[in-house]
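One structure is given below, encoded as structure tokens.
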Amino acid sequence: MSPEKKITVKKQAYTVNDELADEIRFLMKEKKKLFFNIMGSVGAGKTLLLENLAQRLSKYHRIFVINGDIATTIDSDRIAQHGVKTVQINTGGGCHLNANLIHKELNKINLDNYDIFFAENVGNLICPAAWDIGAQLNVVVVSITEGEYVIKKHPIIFKNAEIAIINKCDLDGLGFDSDILVEDASKIKSSMKIIRTSAKTGTGVEELIAALGIKVPKGEEYA
Amino acid sequence: MHEYSLASAIVEQVKDIVQQNNANKVKKINVTAGPYEMVIPDLLKDAYGIITSELEKFKGSTLELEILPAKINCLECEYTGEPDKEGDQEFAFNFKCPHCGSRDTHLKIQYLTIETVDLEIPDEVTSA
Ligand SMILES: Nc1nc2c(ncn2[C@@H]2O[C@H](COP(=O)(O)OP(=O)(O)OP(=O)(O)O)[C@@H](O)[C@H]2O)c(=O)[nH]1
Ligand SMILES: [Mg+2]
Ligand SMILES: [Zn+2]
């Protein structure tokens, strides 16, 4: 019988992702670009919020939006209607974006042609939480129609975010309640910026723009 | 379902280890991860089985994932260690501080880590 040997390895199985994510963050910072990761549940309103942002910001900033989806280009087509550049990444069954996918897309373009980058992550409150994509700020979107337990059931993704958006607040009081979600989000993280929005009416979008640290020219705020 | 890419990453690293040690066969791989890394042991095992089914040196090998105890760092009282043993009745994951009861804690990342690999080494190599 052949001898056996136990090798002690003690090595991360998957270092590439975080190294690449740090590289992306460093590059964006060096070039003075902003890069945001928009995560959230399926149908929470990520795309409609990005449409709102594109509509308000495309006058002042050159914007590039990366849409992650299992398949189809529906979301990137929707956002592209608002005068910003978009690209759809199809993860082909993958449940989250990762730094490698982002890196590949960014390599195809000249970063100098843009000021602000958004990634719409795959609709999912579980997996994107564990995958750094190199953004400077991580945003989670949930909507009040998902029920009052949505944050209690998926707290980890909120731990890994700086901004929590409670969307579809135009339906607040109509059988849905935003207060519970706001309270839960604040229990998870005291430093969390929590913003109530309606991507349908545009309420809260300006507050979101401010929270992201995006400047618009004085006096021209959303004219 | 990111277990497939994680399993591939493990196999790629172990292939290198096999080569460095001139091993015949992989017997067992032990990996660990923290509870907040969202790795599901059974899915990881299944993915490993699929990936290695065609690899001669991995035939019959097993992959064991141990989920490590959670570690938190309380932002209220500066406690560091495992979360409240009582658990958390309210949230699906427990990251509550056992000292002050706050959930305002920092979660310690414990990445999926290859701990040990058991290899079968041919006689010539060990005696050489
Ligand atoms: N009433 C209301 N409906 C909204 C709001 N935001 C989004 N919706 C609707 O909710 C549905 C889903 O919105 P999307 O923007 O596609 O959501 P998403 O998060 O991008 O969805 P996926 O990319 O599929 O995960 C659409 O029918 C939107 O019109 C809102 O604030 N209020
Ligand atoms: Mg969408
Ligand atoms: Zn504490």
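In what follows, chains carry the letters A, B, and so on, assigned in the order in which the sequence lines appear, proteins first and then strands, with residues in each chain numbered from 1. Model, not experiment: these values are computed from the prediction.
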Contacting moiety of [X], where chain A heavy atoms sit under 4.5 Å:
X	answer
B:Val117	both
B:Ile17	side chain
B:Asp88	neither
B:Leu107	side chain
B:Gln13	side chain

- Item | Expected output: side-chain A:Asn52 to main-chain A:Ala199 donor-acceptor under 3.5 Å | yes

- Query: Is a side-chain N or O of A:Asn124 found less than 3.5 angstrom from the main chain of A:Cys95, in a donor-acceptor match?
  - Reply: yes

- Message: Run the salt bridge (Lys or Arg N to Asp or Glu O under 4.0 Å) test on B:Asp104 and A:Lys159 for me, step by step, so that the C-alpha distance in whole Å, both residues' side-chain angles and the decisive distance to 0.1 Å come before the verdict.
- Response: CA-CA 9 Å; B:Asp104 199 9; A:Lys159 276 283 187 205; 5.0 Å; no

- Query: For A:Asp18, is it the side chain, the backbone, both, or neither that has a heavy atom closer than 4.5 Å to a heavy atom of chain B?
  - Reply: side chain

- Query: Given a strict heavy-atom distance threshold of 4.5 Å, which part of A:Ala13 is in contact with chain B: side chain, backbone, both, or neither?
  - Reply: both

- If you count heavy-atom pairs under 4.5 Å with chain A, which of B:Glu90, B:Lys28, B:Lys25, B:Glu12 comes out on top? B:Glu90

- Per-residue tally against chain A (heavy atom, under 4.5 Å) across B:Asp118, B:Ile114, B:Ile109 peaks at B:Ile114

- Donor on one side chain, acceptor on other, B:Glu115 and B:Thr32, under 3.5 Å: yes

- Message: When you compare the side chain of A:Phe118 with that of A:Leu212, does any pair of heavy atoms fall below 4.5 Å?
- Response: yes

- Is A:Met28 close to A:Leu34 at the side-chain level, that is, under 4.5 Å between some pair of heavy atoms? no

- Can you tell which of A:Ile151, A:Asp184, A:Ile7 has the highest number of heavy-atom pairs within less than 4.5 Å of chain B? A:Ile7

- Query: When the ring planes of A:Tyr114 and A:Phe117 are compared, do they come out parallel, tilted or perpendicular, using 30° and 60° as the limits?
  - Reply: perpendicular

